[in-house]
Structure formats: structure tokens, C-alpha cells
Amino acid sequence: MSWTPPSRPSRRTVLAGAAGAAGAALLTGCSDDRASDADVTIPLERRMRETAVRDSTRLLERYDATATAHPALAARLAPLRAAVAAHAAALSLTSAAPSPSPSRSGGTGAAAPAASGGPVPPKPEEALTELADAERGLSESRTIDLAGAPGELARLLASVAACGAVHAYLLTSNPGATS
């Protein structure tokens, strides 16, 4: 039985094509030929991992800022934050990734600065929506990065991206609702 391609490209195909086109544009000379020696000598996988860890660390900072600004949300955010910390550790080239610990200094619900994301919204629902948007955006970015990632890293990025999508859902769902 032979396989026939679908009549329309799938979303995955479009994303992979876009990522491939962007990568091809970068590789074909869209630079000024003054690339630093560090960029040339650092392997692609290492650069991708460092970027992924940096992104996860920024997300951890957003979780911490949200928990500080809204202490009532801290228990709800704790398992999601722990998963993001585990992702940073798994993506890290070393055994331990940076994991800022959540601050429990008495937040008043006032707008507190969120690292790399501006102030945390004063309303808990808005703060959760902002955090969900950050999770969703990072998940989409990692999905796009799959196209250029080496095998094992691609599998890890896919898993972490899927987890981020679930986090976005959990952050915006009503935790006590019954259906």
C-alpha cells in the first residue's frame, strides 16, 4: 500500500517549512561575514540548549514574580513551576540548571515587576492569563525549533513544548469547575 500525501499541508509541515526557510536564509549569507569565532565554534545543539535553558529560566522568574504578587496563587503555581525547573535542568548541558527559588516575601497583590515581562497584573485572573500566554509562546517557539534540532534534543524540545501547552491550558482553566 503506498502512502499518498494529504491535499493540504499540515500545520506541522508549514511550521517545519517556515523554520527550515528561516534557517536556510541564515545559512546562505544574510550576515555581514563578521561572525564571531564563538558562534562558529560552538556546536548548534549547545547553542540551542543554552537558549532553551535561558528561556526556561525567564519563565521561572515569571512564575516567581506571579507567586510573589499573588500569594494565594502560589500553591496552584508550585507544581507547574517545578516542572519548568525540571525542564531547565533536563535541557541544560550540566547536571544543574539555574533555578531561582520562589520568593515568599509578603506580596500585597500590587503590581510587582515580573522578570522579562513587565509588571505582574494586579488581578489574579489576568496574572494567570499572562503566565499562560508566556507558556504558550515558549511552547510555540520550541515547536518551531524542532526543525533544526538534532534527534535527541528535538525529542526533548517536543516533550517540553507539549508540557508548556498543557501548562497554558491548566493556567486558564477553572480549577474547581465541574462538568
Side-chain angles (χ1 to χ4, degrees), residues 10-16 18-19 22 48-149 152-179:
S10 68
R11 181 178 173 192
R12 184 177 297 150
T13 302
V14 171
L15 287 174
M48 291 181 83
R49 283 181 177 272
E50 288 171 351
T51 299
V53 169
R54 185 175 51 248
D55 292 343
S56 290
T57 300
R58 287 181 184 143
L59 187 58
L60 283 172
E61 292 169 353
R62 292 182 75 117
Y63 270 96
D64 292 344
T66 302
T68 299
H70 302 286
L73 296 176
R76 180 176 177 184
L77 298 178
L80 303 177
R81 185 205 180 278
V84 173
H87 298 158
L91 288 162
S92 177
L93 290 172
T94 62
S95 60
S99 177
S101 57
S103 170
R104 299 290 183 230
S105 59
T108 61
S116 69
V120 173
K123 294 182 180 179
E125 303 82 28
E126 293 172 357
L128 289 174
T129 298
E130 183 180 272
L131 199 50
D133 289 344
E135 282 275 15
R136 194 174 295 110
L138 187 52
S139 176
E140 290 171 2
S141 173
R142 288 182 170 156
T143 300
I144 291 169
D145 290 344
L146 290 173
E152 187 61 33
L153 179 58
R155 287 185 285 280
L156 182 56
L157 286 173
S159 179
V160 172
C163 192
V166 171
H167 286 185
Y169 171 78
L170 291 173
L171 288 165
T172 56
S173 68
N174 189 352
T178 58
S179 46

Using only atom types and a distance under 3.5 Å, with no angle test, would you say the side chain of Thr57 pairs donor to acceptor with the backbone of Val53? yes

For Leu170, is there any backbone N or O sitting under 3.5 Å from a side-chain donor or acceptor partner on Ser173? yes

What verdict does the side-chain contact (heavy atoms from CB on, under 4.5 Å) test give for Leu91 and Leu156, after you've listed the backbone C-alpha separation in whole Å, the side-chain angles of each residue and the deciding distance to 0.1 Å? CA-CA 8 Å; Leu91 288 162; Leu156 182 56; 3.5 Å; yes

Can you tell me how far apart CG (Leu59) and CG (Leu80) are? Round to the nearest 0.5 Å. 9.5 Å

Intermediate values then yes/no, side-chain contact (heavy atoms from CB on, under 4.5 Å), Leu153 and Asp145: CA-CA 10 Å; Leu153 179 58; Asp145 290 344; over 6 Å; no

Parallel, tilted or perpendicular: ring planes of His167 versus Tyr63, cut at 30 and 60 degrees: perpendicular

Expected output: side-chain Thr68 to main-chain Asp64 donor-acceptor under 3.5 Å: yes

Does any non-hydrogen side-chain atom of Leu77 lie less than 4.5 Å from one of Leu171? yes

Minimum-distance pair of heavy atoms, taken over all atoms of Pro122 and His70: O-CE1, 2.9 Å

Using a strict threshold of under 4.0 Å (side-chain N to carboxylate O), is an ion pair present between Glu152 and Arg155? yes

On a heavy-atom basis, which atom in Arg62 and which in Ala134 lie closest, and how many Å separate them? NE-CB, 3.6 Å

Under the criterion side-chain contact (heavy atoms from CB on, under 4.5 Å), I'd like the reasoning laid out for Cys163 against His87: C-alpha separation, chi angles, the key distance, then a yes or no. CA-CA 9 Å; Cys163 192; His87 298 158; 3.5 Å; yes

Please report the closest heavy-atom contact between Ala149 and Leu157, naming both atoms and the distance. CB-CD1, 4.0 Å

As an exercise, state the distance from CG of Leu131 to OG1 of Thr172, rounded to the nearest 0.5 Å. 10.5 Å

What one should report as the nearest heavy-atom pair of Pro121 and Glu126 is CB-CB, 3.6 Å

Closest non-hydrogen atom pair, Arg49 against Ser92: NH1-O, 4.1 Å

Could you tell me the separation between the CG atom of Leu146 and the CE atom of Met48, rounded to the nearest 0.5 Å? 8.0 Å

Do Arg142 and Thr51 get their side chains close enough for a donor-acceptor pair, meaning under 3.5 Å? no

Main-chain N/O of Gly164 paired to Ser139 side chain as donor or acceptor, under 3.5 Å: no

Could you pull out the closest heavy-atom pair between Leu60 and Ala85, with the gap in Å? CD2-N, 3.6 Å

Are Glu135 and Tyr169 linked by a side-chain donor-acceptor pair shorter than 3.5 Å? no

